[in-house]
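Since we're looking at a predicted model, the values are computed, not measured.
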Amino acid sequence: MAGAKILAFGGYQPDKVVTNDDLAKLVDTNDEWIRARVGIQSRRVARDDETVADMAEAAGAKALAASGLEPADVDLVIVATCSPEVPLPNVAATVGYRLGIPAPGAYDLNAACAGFCYAISAASDAVRAGSARNVLVVGAEKMTSWIDWTDRSTCIIFADGAGAAVVGPTADDEPTGIGPVVWGSAGDQANKITVTGGRNGALTQDGQGVFRWATTAIAPVALEACHRAGVTPADITAFVPHQANLRIIEAIAKKLGIPRERVADDIIHTGNTSSASIPLALARMAEQGRLQPGTPALLVGFGAGLAYASQVITVP
């Protein structure tokens, strides 16, 4: 089998910025309260006419351009999302068509906030098994379309955006660049994050319950991903967890012993974008020169389901 690696990243955020002061006009909250509890200062919100596919296309185009590949070189598109406008058609087929990728395999994947890590694993397996040459993986969400703007527990957290990566084969003499995935779920706690009210419903969550679960259960998953990849947390040059809550991020990093300067904190100005959060953070860290090519980065996604996944990647 060939190995697989990530070739490039790309990210997209809507233009509209919503600050904590803006939200204080809608619900009983303020900037200090929000920063203290979730660490968010501002977030991006998509236009009413801006779709998940629109954002996925924009992020995917950037990742594809950065990879140096042509659209015809890609033969599989995976879009991780839990917030599409409609279940049919799938977002991936639309994105592939818009980007000029000729007749790719295309499917959407819903593992909520763990979706990008799930999709990277699926892409890696497809390349290693020979089912695909190169794979475009996108995490794209319009979470605000499922938010009740009068619910202080959720409207301060969630936001919109998309991030993407291109996965391709390693050279014959090159080690694989995507480590084994460690994944699972705690389905007995699935009702801690859910959409109530059916098709016209809104997202609700047990914030304290999710916080306790994430700060207890996720660090061991990340440690196991390091073990399976043959590295230690001390080797990790970038830790990119799902951008759920800054307090959760810092608690997990502390348990792993990873220095704060190596930890992604994109949530401060992006909010929680579910499956888009990890690739968005990676794209931004690459732009800022915070990623060291050829070194190991640790990804870990966790959220509704309660699903989780982690793997070590080699920074492109």
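S277 places a side-chain N or O within 3.5 Å of a backbone atom of Q243 that can act as its donor or acceptor partner. At least one donor-acceptor pair closer than 3.5 Å links the side chain of R152 to the backbone N or O of D28. Judged by distance alone, the side chain of N245 and the main-chain N or O of F211 form no donor-acceptor pair under 3.5 Å. When atom types are taken as modelled, the side chain of T170 and the backbone of G3 share a donor-acceptor pair closer than 3.5 angstrom. Checked by atom type and distance alone, the side chain of E174 pairs as donor or acceptor with a backbone atom of A171 at under 3.5 Å. One N or O on the side chain of K142 and one on the backbone of R47 form a donor-acceptor pair closer than 3.5 Å. The backbone N or O of I120 sits nowhere less than 3.5 Å from a side-chain atom of S124 that would complete a donor-acceptor pair.
The side-chain heavy atoms of M143 and C82, taken from C-beta on, include a pair separated by under 4.5 Å. Proximity of V138 to F116: side-chain heavy atoms (C-beta onward) are nowhere separated by under 4.5 Å. The side-chain heavy atoms of P71 and L99, taken from C-beta on, include no pair separated by under 4.5 Å. Here the side chains of L280 and F9 are not in contact, with every heavy-atom distance at 4.5 Å or above. Counting heavy atoms from C-beta outward, I78 and V135 have side chains that approach closer than 4.5 Å. The shortest distance between side-chain heavy atoms of I268 and I40 does not fall below 4.5 Å. A 4.5 Å side-chain heavy-atom check between E50 and P14 finds at least one atom pair inside the cut-off. No side-chain heavy atom of E224 sits less than 4.5 Å from a side-chain heavy atom of P220.
Taking hydrophobic clusters as Ile, Leu, Val, Met, Phe, Trp and Tyr residues chained together by side-chain heavy-atom distances below 4.5 Å, L64 shares a cluster with V95. Under the 4.5 Å side-chain contact rule for hydrophobic residues, V221 and I236 share a cluster. Residues V181 and F239 do not share a hydrophobic cluster, clusters being chains of Ile/Leu/Val/Met/Phe/Trp/Tyr side chains in contact below 4.5 Å. Linking Ile, Leu, Val, Met, Phe, Trp and Tyr whenever their side-chain heavy atoms come within less than 4.5 Å leaves I258 and I278 in two separate clusters. Using a 4.5 Å cut-off between side-chain heavy atoms of Ile, Leu, Val, Met, Phe, Trp and Tyr, with links allowed through other members, I313 and V166 fall into different hydrophobic clusters.
To the nearest 0.5 angstrom, I101 atom CD1 is 11.0 Å from E70 atom CD. Remark: D22 CG to K16 NZ distance equals 8.0 Å, nearest 0.5 Å. Atom CD1 in I218 sits 9.5 Å away from atom OG1 in T215 (nearest 0.5 Å). Here L136 contributes atom CG and D75 contributes atom CG; the two are 11.0 Å apart, rounded to the nearest 0.5 Å. Between S121 atom OG and I178 atom CD1 the span is 8.5 Å, to the nearest 0.5 Å. With rounding to the nearest 0.5 Å, the separation of CD1 in I147 from CD1 in I156 is 10.5 Å.
Residues T273 and E141 have side chains that never bring a donor and an acceptor to within less than 3.5 angstrom of each other. A donor-acceptor pair shorter than 3.5 Å cannot be found between the side chains of T81 and D108. Between T150 and D148, the side chains place a donor N or O and an acceptor N or O closer than 3.5 Å (distance only, hydrogens not considered). Side-chain atoms of D31 and N20 form a donor-acceptor pair, as typed in the model, at a separation below 3.5 Å.
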Inset, instruction - Before giving the answer on side chain to side chain contact (heavy atoms under 4.5 Å, CB included), spell out for R284 and T270 the whole-Å C-alpha distance, their side-chain angles and the decisive distance to 0.1 Å. - result: CA-CA 11 Å; R284 192 181 310 279; T270 65; 3.4 Å; yes
Legend entry - Audit row: I252, E250, side chain to side chain contact (heavy atoms under 4.5 Å, CB included) steps and yes/no: CA-CA 6 Å; I252 296 171; E250 291 177 340; over 6 Å; no
Legend entry - Derivation of the side chain to side chain contact (heavy atoms under 4.5 Å, CB included) call for H269 and Q13: CA-CA 11 Å; H269 293 295; Q13 287 185 280; over 6 Å; no
Legend entry - Intermediate values then yes/no, side chain to side chain contact (heavy atoms under 4.5 Å, CB included), N134 and V127: CA-CA 7 Å; N134 297 289; V127 170; over 6 Å; no
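Scanning all heavy atoms of the two residues, the minimum distance from A276 to A162 falls at CB-CA, 3.8 Å. The shortest heavy-atom contact between I6 and P316 is O-CB, 3.2 Å. Nearest heavy atom pair, residue E85 against residue T51, reads OE2-CA, 3.3 Å. A222 and S310 make their closest contact through CA-OG, 3.7 Å (heavy atoms, listed as atom of the first residue, atom of the second, distance). Counting all heavy atoms, side chain and backbone alike, S42 lies closest to V17 at CB-CG1, 3.9 Å. Pairing each heavy atom of A63 with each of A8, the nearest pair is O-CB, 3.7 Å.
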Which atom pairs, donor and acceptor, lie under 3.5 Å between side-chain atoms of residues 290-307 and protein residues at least two apart or in another chain?
{"unit_1": "R290", "atom_1": "NH2", "unit_2": "V263", "atom_2": "O", "d": "3.1"}
{"unit_1": "T295", "atom_1": "OG1", "unit_2": "T237", "atom_2": "OG1", "d": "2.6"}
{"unit_1": "T295", "atom_1": "OG1", "unit_2": "Q292", "atom_2": "O", "d": "2.5"}

Without placing hydrogens or testing angles, list every side-chain donor-acceptor pair under 3.5 Å for residues 184-205, not counting sequence neighbours.
{"unit_1": "K192", "atom_1": "NZ", "unit_2": "D206", "atom_2": "OD2", "d": "3.4"}
{"unit_1": "T204", "atom_1": "OG1", "unit_2": "T194", "atom_2": "O", "d": "3.4"}

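For Y107, the OH atom is densely surrounded, since the number of other residues' heavy atoms within 6.0 Å is greater than 12. Annotation for E32: atom CD does not count as buried by contact number, only 12 or fewer foreign heavy atoms lying within 6.0 Å.
A ring-centre distance under 6.0 Å is found for W183 and Y118.
Applying side chain to side chain donor-acceptor pair (under 3.5 Å) to T144 and the options T154, D160, D48 leaves one that passes, D160.
Because its NZ or CZ atom is not both nearer than 6.0 Å to the ring centre of F158 and within 45° of the ring axis, R43 does not count as a cation-pi partner of that residue.
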